[in-house]
Amino acid sequence: MDYNTRNNWTKVDWFTVLLYLVMIIAGWLTICGASYEFDIDKLFDPSGRPMNQLVWMGISTAVACSILIVERDFYEVFAYLIYGAVILLLVATIFLAPDIKGSHSWLVLGPIRLQPAEFAKFATALAVARLMGTYGFMPMRPKNFMMIVGLIVLPMLCILLQQETGSALVYFAFFLMLYREGMSGYFLLAGVCAVAYFVIGMKYAEVTVLGCTNLGILLVSLAVLVITTVLVYVERKNVLAVKVIAAVSGGVLLIGGVVAYFFPFDLNIVVLSLLGAVVLYLIGLSVKEWVWHYVLIAVFTLCSMGFLFSVNYVFNDILEPHQQVRIKVSLGLKDDPSGAGYNVNQSKIAIGSGGFLGKGFLNGTQTKLKYVPEQDTDFIFCTIGEEEGFIGSAAVLILFGVFILRLVHLAERQDTTFARVYGYSVASIFIFHLAINIGMVLGMTPVIGIPLPFFSYGGSSLLGFTILLFIFLKLDAARRDR
């Protein structure tokens with residue numbers, strides 16, 4: 001039975017609804033700016049993108065109202081069924097979707113195109129929340145944690161098989177929610193380290209020092225050594241162990257560096273041997289003191305080195321050629337202004353040309369002349385930068401910041417684990433989309449095709465984000481008063 005049914009509408013968080021309305025209206029105006037071709041009448045062409053987006057705005061608003069009418073318990077009771085149905089739809093899409101720009105992720109139903117991957121986000125959030133909301137469920141137990149990861153990874157695999165890498169990466173956002181629910185911060189540390197190792201290993205993969213020492217491997221190995229030492233101190237406060245590792249490592253590296261300078265050899269052999277000795281030392285400490293934390297740190301060290309030496313395999317044998325080029329361009333390893341780097345370069349030009357106050361609504365020359373590809377979808381932010389300038393861009397980022405902070409506030413006040421987990425999943429997904437899309441437009445992250453919520457053109461995207469958000473607003477509206 002739904003809680004406080006009579007007051008559901010009055011208990012809806014109308015401030016969040018207002019933010020939603022402001023964003024979809026601002027998004028529509030931005031799409032108009034990106035689609036404008038010096039003819040105001042074309043903005044109201046029924047087949048044009050502004051009118052199509054307006055139709056989807058109406059559909060999304062109607063769906064939002066319907067979600068608020070349905071009883072709260074519906075979303076929890078049927079969470080697994082919704083998840084299963086979406087997974088079947090994702091699998092069907094792999095075989096039924098036509099090839100559109102190298103991707104098999106769109107189902108074409110007459111004049112309508114739908115991207116099921118957009119709806120898998122809220123379905124996965126519901127399923128994970130239902131699992132973690134089970135009475136007595138302890139998410140950090142290994143078996144339970146693997147069940148959660150399984151629910152997250154399954155749609156990722158289906159989307160990867162559709163050749164939609166960007167949409168699949170969004171599911172890493174769920175680990176932000178898991179951190180709130182008790183996941184060790186070392187998992188996030190491992191994720192950050194993996195990114196850092198990959199970037200450093202790739203950027204300096206072809207640079208040699210001291211004659212024949214690979215600089216990429218050397219830098220990452222030294223970073224692993226430093227992080228391992230810090231973890232020993234942070235986790236166990238074992239000052240003696242830290243001194244032993246630091247003294248031995250410093251001495252060995254100093255001697256090895258001097259010898260390599262006069263008699264060039266691969267210094268990485270010394271560093272890797274040193275890391276192996278540190279691992280054995282940590283295992284010995286674990287046996288001596290009967291403390292398993294040392295073993296975990298040793299495993300982290302081994303996994304770090306294993307990841308480093310798998311970078312080349314992943315990059316050369318798993319990533320697609322166009323993805324390899326995008327990463328190389330992002331890392332400055334390749335200059336491709338007319339190819340993979342074209343979008344980002346033109347986006348930066350468009351944003352820079354807007355200056356402080358912008359050129360004004362419908363007055364952006366870079367976007368009007370179509371210099372920026374995908375300017376009304378993945379690169380919609382460059383239209384904001386050109387037409388509204390720094391002021392408009394900052395306003396949009398502040399708007400998103402307030403929106404996300406509001407979601408976190410709402411999630412924290414929930415009275416059930418199901419609603420809280422779902423709320424943090426929603427906030428995490430919006431954080432991930434915002435960070436990657438803006439980083440992509442500014443050239444700070446590789447171009448992987450992630451839309452800016454409520455602003456990028458696309459009916460599936462708008463509808464998917466609307467459902468994701470309003471299910472949470474319904475859960476919040478129907479919560480018990482504390």
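Along the sequence shown, residues carry numbers from 1.
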### Task
Can you label the angle between the Phe418 ring and the Tyr422 ring as parallel, tilted or perpendicular, going by 30° and 60°?
parallel
### Query
Mind checking what makes side chain to side chain donor-acceptor pair (under 3.5 Å) contact with Ser167, not counting sequence neighbours?
Glu164
#### Entry: Residues in ring-ring contact (aromatic ring centres under 6.0 Å, His included) contact with Phe390, at least two apart in sequence or another chain
Phe356
### Summary
Scanning both residues in full, the closest heavy-atom pair of Ile67 with Ile467 reads CD1-CA, 3.8 Å
### Query
Residues two or more places apart in sequence or in another chain: which of them pass ring-ring contact (aromatic ring centres under 6.0 Å, His included) with Tyr80?
none
### Query
Does some side-chain heavy atom of Phe174 sit less than 4.5 Å from a side-chain heavy atom of Ser425?
yes
### Message
Between Ile31 and Thr383, does the side chain to side chain contact (heavy atoms under 4.5 Å, CB included) criterion hold? Intermediate values first, please.
### Response
CA-CA 8 Å; Ile31 291 170; Thr383 303; over 6 Å; no
### Query
Roughly how far, to the nearest 0.5 Å, is OH of Tyr179 from OG of Ser428?
12.5 Å
### Task
Might you confirm whether atom CE of Met146 has over 12 heavy atoms from other residues, nucleotides or ligands at distances under 6.0 Å?
no
### Query
Looking only at atom types and distance, does a side-chain atom of Trp28 sit under 3.5 Å from a main-chain N or O of Pro50, one as donor and one as acceptor?
yes
### Query
Ser353 and Lys359: side chain to side chain contact (heavy atoms under 4.5 Å, CB included), yes or no, with the steps?
CA-CA 8 Å; Ser353 67; Lys359 298 177 180 178; 3.3 Å; yes
### Ile297 backbone acceptor or donor facing Thr301 side chain under 3.5 Å
yes
### Query
Is there a side-chain contact between Met23 and Phe400 (heavy atoms, below 4.5 Å)?
yes
### Task
Answer whether the closest heavy-atom distance between the side chains of Ser66 and Val70 falls below 4.5 Å.
no
### Task
State, yes or no, whether a side-chain contact exists between Tyr83 and Leu154 at a heavy-atom distance under 4.5 Å.
yes
### Query
Does a side-chain heavy-atom distance below 4.5 Å link Phe381 with Ser456?
no
### Query
With distance as the sole test, does Ser460 use its side chain to make a donor-acceptor pair with the main-chain N or O of Gln115 at under 3.5 Å?
yes
### Query
Quick one: CD1 on Ile438 to OG on Ser393, what's the gap to the nearest 0.5 Å?
8.0 Å
### Task
Would you mind reporting whether Pro139 and Asn144 have side-chain heavy atoms less than 4.5 Å apart?
no
### Task
Considering non-hydrogen atoms only, spot the tightest contact between Gly216 and Asn214 and give its length.
N-OD1, 2.9 Å
### Query
Quick one: does Lys474's side chain have a donor or acceptor within less than 3.5 Å of a partner on Leu68's backbone?
yes
### Counterpart residues, ring-ring contact (aromatic ring centres under 6.0 Å, His included), relative to Phe470 (two or more places apart)
Tyr20
### Message
Leu19 and side chain to side chain contact (heavy atoms under 4.5 Å, CB included): which single residue from Ile24, Ile404, Leu399 fits?
### Response
Leu399
### Task
Keeping the roles fixed (side chain from Asp415, backbone from Arg479), state whether a donor-acceptor pair exists under 3.5 Å.
no
### Query
What is the minimum heavy-atom distance between Leu178 and Met140, and which atoms define it?
O-CE, 4.5 Å
### Query
Does Leu90 offer a backbone N or O that forms a donor-acceptor pair with the side chain of Gln162 under 3.5 Å?
yes
### Ala123 to Ile82 - nearest heavy-atom pair and separation
CB-CG2, 4.1 Å
### Summary
CE (Met177) and CD1 (Ile148) are apart, to the nearest 0.5 Å, by 6.5 Å
### Pairs meeting criterion ring-ring contact (aromatic ring centres under 6.0 Å, His included) with involvement of residues 423-452, two or more places apart
Phe403-Phe430, Phe430-Phe454, Phe430-Phe465, His433-Phe465
### Task
Please round to the nearest 0.5 Å and tell me the distance separating atom OG1 of Thr466 and atom CE of Met57.
9.5 Å
### Summary
Interatomic distance, NZ@Lys121 vs CD1@Ile159, rounded to 0.5 Å, equals 8.0 Å
### Query
At their closest point, which heavy atom of Val441 faces which heavy atom of Asp378, and how far apart are they?
CG2-O, 3.9 Å
### Rounded distance (nearest 0.5 Å) linking atom CG of Leu126 with atom CD of Glu76
9.5 Å
### Message
What verdict does the side chain to side chain contact (heavy atoms under 4.5 Å, CB included) test give for Arg406 and Asp13, after you've listed the backbone C-alpha separation in whole Å, the side-chain angles of each residue and the deciding distance to 0.1 Å?
### Response
CA-CA 10 Å; Arg406 186 64 180 176; Asp13 190 69; 2.4 Å; yes
### Which residues share a ring-ring contact (aromatic ring centres under 6.0 Å, His included) with Phe145, sequence neighbours left out
Phe187
### Short side-chain donor-acceptor distance under 3.5 Å, Thr416 and Arg72
yes
### NZ/NE/NH1/NH2 to OD/OE distance under 4.0 Å, Lys11 and Asp476
no
### Message
Restricting to non-hydrogen atoms, name the atom on Leu407 and the atom on Phe472 that form the minimum distance, rounded to 0.1 Å.
### Response
O-CE2, 3.9 Å
#### Entry: Leu131 and Val421, any side-chain heavy atoms less than 4.5 Å apart
no
### Query
Under the side chain to side chain contact (heavy atoms under 4.5 Å, CB included) criterion, do Phe455 and Ile384 qualify, and how do the steps go?
CA-CA 10 Å; Phe455 279 81; Ile384 299 171; 3.8 Å; yes
### Query
Are Pro451 and Thr377 close enough that some pair of their side-chain heavy atoms sits under 4.5 Å apart?
no
### Message
I'd like to know if Glu412 pairs up with Arg420 as an ion pair, taking the criterion as any Lys NZ or Arg NE/NH1/NH2 lying under 4.0 Å from an Asp or Glu carboxylate oxygen.
### Response
no
